[in-house]
Amino acid sequence: MSQQLPDVQATAPDVTVGLNQVGVTGVEKLVKIARNGKRPLVLTAEFEVFVDLPSWRKGADMSRNMEVIDEILEEATREEAYRVEDVCGDAAERLLERHDYTSKAEVSMEAEFMRREQTPASDRETQHTVDIIASATATEDGTREEIGAHVVGMTVCPCSQGMSVARAKQKLEDLEIPEEKITEFLDDVPQPGHSQRGHATVTVEADGDPEVDLNEIIDIARESMSAKIYNLAKRPDEDHMTFEAHSDAKFVEDCVRAMAEGVVAEFDHLEDDAVITMSQSNDESIHQHNAHAERVVEMETLREEVNGDLER
């Protein structure tokens with residue numbers, strides 16, 4: 001008979017300090033997303049899985065936990081799901097049930113999602129890539145789930161463009177062009193400004209399953225920037241994107257506020273305590289630094305701000 005090995009993980013630690021997160025990262029699984037009347041989408045998702053650890057326990061049985069985690073993720077991802085956040089929620093709840101020493105279980109995942117679309121001017125079929133973000137936290141009080149997306153687009157700096165407008169106006173005045181013609185020209189032909197690759201992120205977190213559509217989240221994020229970008233772009237498409245972007249120059253702050261408007265317009269039905277995270281990061285073209293803006297806010301407050309109901 002083999003000798004019973006000691007369970008060192010269950011012993012008391014030398015330093016009795018509890019830990020918020022103990023677990024594994026970089027766990028890859030296939031996730032099948034069901035679609036009515038269509039074949040399911042198959043995503044290659046990367047998971048992070050954590051539990052909290054009380055101060056009296058040395059370790060979280062990492063090797064044993066990996067078996068549990070793998071089993072739970074296999075169960076959660078084997079069947080088709082209609083929402084990726086539900087996959088995380090199911091896994092977090094099962095993880096909490098299987099650990100008698102933990103009070104919180106967290107599961108998050110990221111995956112690439114491809115959507116088909118038409119190019120804006122040449123009307124060619126193409127695809128664009130979106131990074132899906134989903135997570136869930138399970139406690140004895142219930143489960144909160146989060147769903148969101150990270151998308152890439154294009155922005156144009158209003159400050160830079162404003163200087164170009166002033167230069168063009170001065171030149172046209174020097175050429176003795178009538179004022180009304182100058183105004184008409186500048187209204188119809190947007191002036192140059194330095195452009196940026198923009199990264200927009202929108203997530204919605206709520207008790208249980210957030211009542212939002214992932215495709216609508218993606219659209220809100222993409223439409224918040226100066227222009228959408230496309231994998232395929234013929235010359236008419238390039239002209240369309242350039243004109244569109246310079247016709248709607250935006251700071252990072254403007255992009256986040258555009259997301260806020262979109263969230264309230266599309267998801268006004270959300271509960272007041274739903275948490276909305278909106279961020280915009282721009283890869284600057286003429287600076288060595290980048291620009292960033294962000295807002296994390298409960299839906300009740302965001303609704304009041306967008307609708308102008310808050311006292312100033």
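What you see is a predicted model, and the numbers here were worked out from it, not measured in a lab.
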(request) Please check if the side chain of T119 supplies one atom and the backbone of A233 the other of a donor-acceptor pair under 3.5 Å. (result) no
(request) Using a strict cut-off of less than 4.0 Å between a Lys/Arg side-chain nitrogen and an Asp/Glu carboxylate oxygen, indicate whether R144 and D207 qualify as a salt bridge. (result) yes
(message) With a 3.5 Å distance limit and no angle check, can you tell me whether K234 reaches the backbone of A121 through a side-chain donor-acceptor pair?
(response) no
(message) Between S226 and M154, does the side chain to side chain contact (heavy atoms under 4.5 Å, CB included) criterion hold? Intermediate values first, please.
(response) CA-CA 6 Å; S226 297; M154 177 181 177; 5.5 Å; no
(request) May I ask you to say whether D219 pairs ionically with R115, meaning some side-chain N is under 4.0 Å from a carboxylate O? (result) yes
(message) Can you tell me if E140 has over 12 outside heavy atoms packed within less than 6.0 Å of its CD?
(response) no
(message) Please enumerate all residues that pass side chain to side chain contact (heavy atoms under 4.5 Å, CB included) together with E261, with sequence neighbours excluded.
(response) V306
(request) Say whether, by atom type as modelled, one donor and one acceptor occur between the side chain of D248 and the main chain of A245 under 3.5 angstrom. (result) no
(request) Look only at the side chain of T102 and the backbone of V51, and say whether a donor-acceptor pair between them is shorter than 3.5 Å. (result) no
(request) Kindly determine whether E179 and E173 satisfy side chain to side chain contact (heavy atoms under 4.5 Å, CB included), including the steps that lead there. (result) CA-CA 8 Å; E179 187 66 30; E173 288 174 349; 3.8 Å; yes
(message) Using a 3.5 Å distance criterion without hydrogens, assess whether the side chain of T301 forms a donor-acceptor pair with backbone atoms of V297.
(response) no
(request) Check whether the side chains of E125 and Q118 place a donor and an acceptor atom closer than 3.5 Å, and report yes or no. (result) no
(request) Using a strict cut-off of less than 4.0 Å between a Lys/Arg side-chain nitrogen and an Asp/Glu carboxylate oxygen, indicate whether E117 and R222 qualify as a salt bridge. (result) yes
Kindly list each side-chain donor-acceptor pair under 3.5 angstrom involving residues 193-200, sequence neighbours excluded, with atom names and distances?
from, atom 1, to, atom 2, distance (Å)
H194, ND1, S285, OG, 3.4
Q196, OE1, T155, OG1, 2.4
Q196, NE2, E284, OE1, 3.1
H199, NE2, D283, OD2, 2.8

(request) May I ask you to say whether R303 pairs ionically with D272, meaning some side-chain N is under 4.0 Å from a carboxylate O? (result) yes
(message) Under the criterion side chain to side chain contact (heavy atoms under 4.5 Å, CB included), I'd like the reasoning laid out for F113 against L41: C-alpha separation, chi angles, the key distance, then a yes or no.
(response) CA-CA 9 Å; F113 176 47; L41 294 172; 3.2 Å; yes
(message) Could you check whether any side-chain N or O of H269 sits under 3.5 Å from a backbone N or O of E211, counting only pairs where one atom can act as donor and the other as acceptor?
(response) yes
(message) In the structure I gave you, are the side-chain heavy atoms of L30 and L43 within less than 4.5 Å of one another anywhere?
(response) no
(message) For a side chain to side chain donor-acceptor pair (under 3.5 Å) check, start with the C-alpha distance between H292 and E294, then their side-chain angles and the critical distance, and finish with the verdict.
(response) CA-CA 7 Å; H292 182 83; E294 183 172 321; 3.1 Å; yes
(message) Checking side-chain polar atoms at under 3.5 Å, does E146 have a donor or acceptor matched by the opposite partner on S135?
(response) yes
(message) Do E266 and I220 make a side-chain contact, defined as non-hydrogen atoms from C-beta onward lying under 4.5 Å apart?
(response) yes
(request) Using modelled atom types only, decide if a donor and an acceptor are shared between the side chain of R257 and the backbone of V252 within a distance under 3.5 Å. (result) no
(request) Tell me, yes or no, whether the heavy-atom count around E112 atom CD, taken from other residues, nucleotides or ligands under 6.0 Å, exceeds 12. (result) no
(message) Tell me whether D239 is salt-bridged to R235, with the criterion being a basic N under 4.0 Å from an acidic carboxylate O.
(response) no
(request) Would you sort out whether L232 and D237 count as a side chain to side chain contact (heavy atoms under 4.5 Å, CB included), showing the intermediate values? (result) CA-CA 8 Å; L232 174 65; D237 302 311; 5.5 Å; no
(request) Tell me yes or no: between the side chains of N307 and E305, is some donor less than 3.5 Å from an acceptor? (result) no
(request) State whether the side chain of D131 and the backbone N or O of H150 hold a donor-acceptor pair below 3.5 Å, judged by distance alone. (result) no
